[in-house]
Amino acid sequence: MTITQNLQDIKSELPEEVLLVAVSKTKPVEAIQEAYAAGQRVFGENKVQELETKYNELPKDIEWHMIGHLQTNKVKYIAPFVHLIHAVDSMKLLKMINKEALKSNRTINCLLQFHIADESTKFGLSIEEAQELLTSEAYEQLQNINIVGVMGMATFTDDQQQVRNEFTNLKRYFTELKTSVFANKADFKEISMGMSGDYPIAIEEGSTMIRVGSNIFGSR
Ligand SMILES: *Cc1c(COP(=O)(O)O)cnc(C)c1O
């Protein structure tokens with residue numbers, strides 16, 4: 001199967017309102033060019049250096065999503081061009097994104113990452129931490145960030161019911177915020193959940209954005 005065929009297969013099954021983020025991490029520029037030629041414009045990377053290199057080498061109408069854990073000292077490298085940062089899980093990081101966005105004269109779209117998996121290694125906030133962050137005075141000062149939704153990663157397991165429950169939880173957190181702190185914010189609407197192994201379940205549970213790598217580009 002080619003990248004082009006893989007993309008066609010995935011897109012043919014995708015509801016229109018679900019965005020496909022093609023996760024190109026570790027893959028060469030040529031692989032991204034093939035996907036680009038097939039019409040794909042949204043790509044996700046999880047390392048700052050790699051994201052920056054690929055941004056410089058590839059067409060400028062690509063929307064680059066930073067999907068991995070982001071260190072505050074590296075925000076400056078992607079702030080001038082990044083379209084969406086998926087994994088924001090602290091006030092410290094949010095403040096740095098705001099600062100660098102201001103320097104670039106931009107507003108940067110962000111998703112709040114929630115800890116939904118049954119694994120201690122995955123990053124993310126609890127709903128209580130998110131509410132505290134979003135109702136703080138420090139948050140109100142941030143004029144150059146725009147929180148447009150939530151993101152989460154399910155446990156890596158064969159137990160489909162567990163994965164489904166974790167996605168249900170993320171949807172519930174989204175709804176809680178949507179009906180409270182973000183009640184008047186129409187652009188808080190994204191739920192980034194679902195990867196190669198679990199995106200069909202994620203879509204059933206309300207995903208608006210799936211992050212798919214190996215099913216498009218092959219295993220890493
Ligand atoms: C690598 C990665 C993906 C894509 O994983 P696949 O299993 O290859 O589809 C999605 N989200 C994040 C945060 C990742 O790091």
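This one's a predicted model, so the numbers in the text were calculated from it and none came from an experiment. Just follow the structure's listing: the first ligand is 1, and inside any ligand the first atom is 1. Just so you know, residue 1 is the first one in the sequence shown, and it goes up from there.
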Best match, H86, R211, K25: closest heavy atom to atom 1 (C) of ligand 1:
K25
Would one find more than 12 heavy atoms of other residues, nucleotides or ligands at under 6.0 Å from atom CD of E132?
no
For ligand 1, which atoms, with element, lie under 4.0 Å from some heavy atom of G213?
4 (C), 6 (P), 8 (O), 9 (O)
Hey, is R220 touching ligand 1 through its side chain, its backbone, both or neither, going by heavy atoms under 4.0 Å?
side chain
So F167 and I191, do their side chains get closer than 4.5 Å, heavy atoms only?
no
Just to confirm my output: which protein heavy-atom neighbour is closest to atom 5 (O) of ligand 1, and how far is it?
M195 CE, 3.5 Å
Yes or no: does V212 have any heavy atom under 4.0 Å from an atom of ligand 1?
yes
Close side-chain approach of N109 to I85, heavy-atom, < 4.5 Å:
no
I need the nearest protein heavy-atom contact for atom 12 (C) of ligand 1: residue, atom name and distance, please.
I67 CD1, 3.5 Å
With a 4.0 Å cut-off, would you call D187 and K185 a salt bridge?
yes
S196 heavy atoms within 4.0 Å reach ligand 1 at atoms 6 (P), 7 (O), 8 (O), 9 (O)
Salt bridge check, K54 against E57: does any charged N sit closer than 4.0 Å to a carboxylate O?
no
Atoms of ligand 1 close to S214 [distance to a heavy atom under 4.0 angstrom, numbered from 1]
6 (P), 7 (O), 8 (O), 9 (O)
Kindly indicate whether a cation-pi arrangement holds for K60 with Y55, taking the cut-offs as under 6.0 Å to the six-membered ring centre and within 45° of the axis.
yes
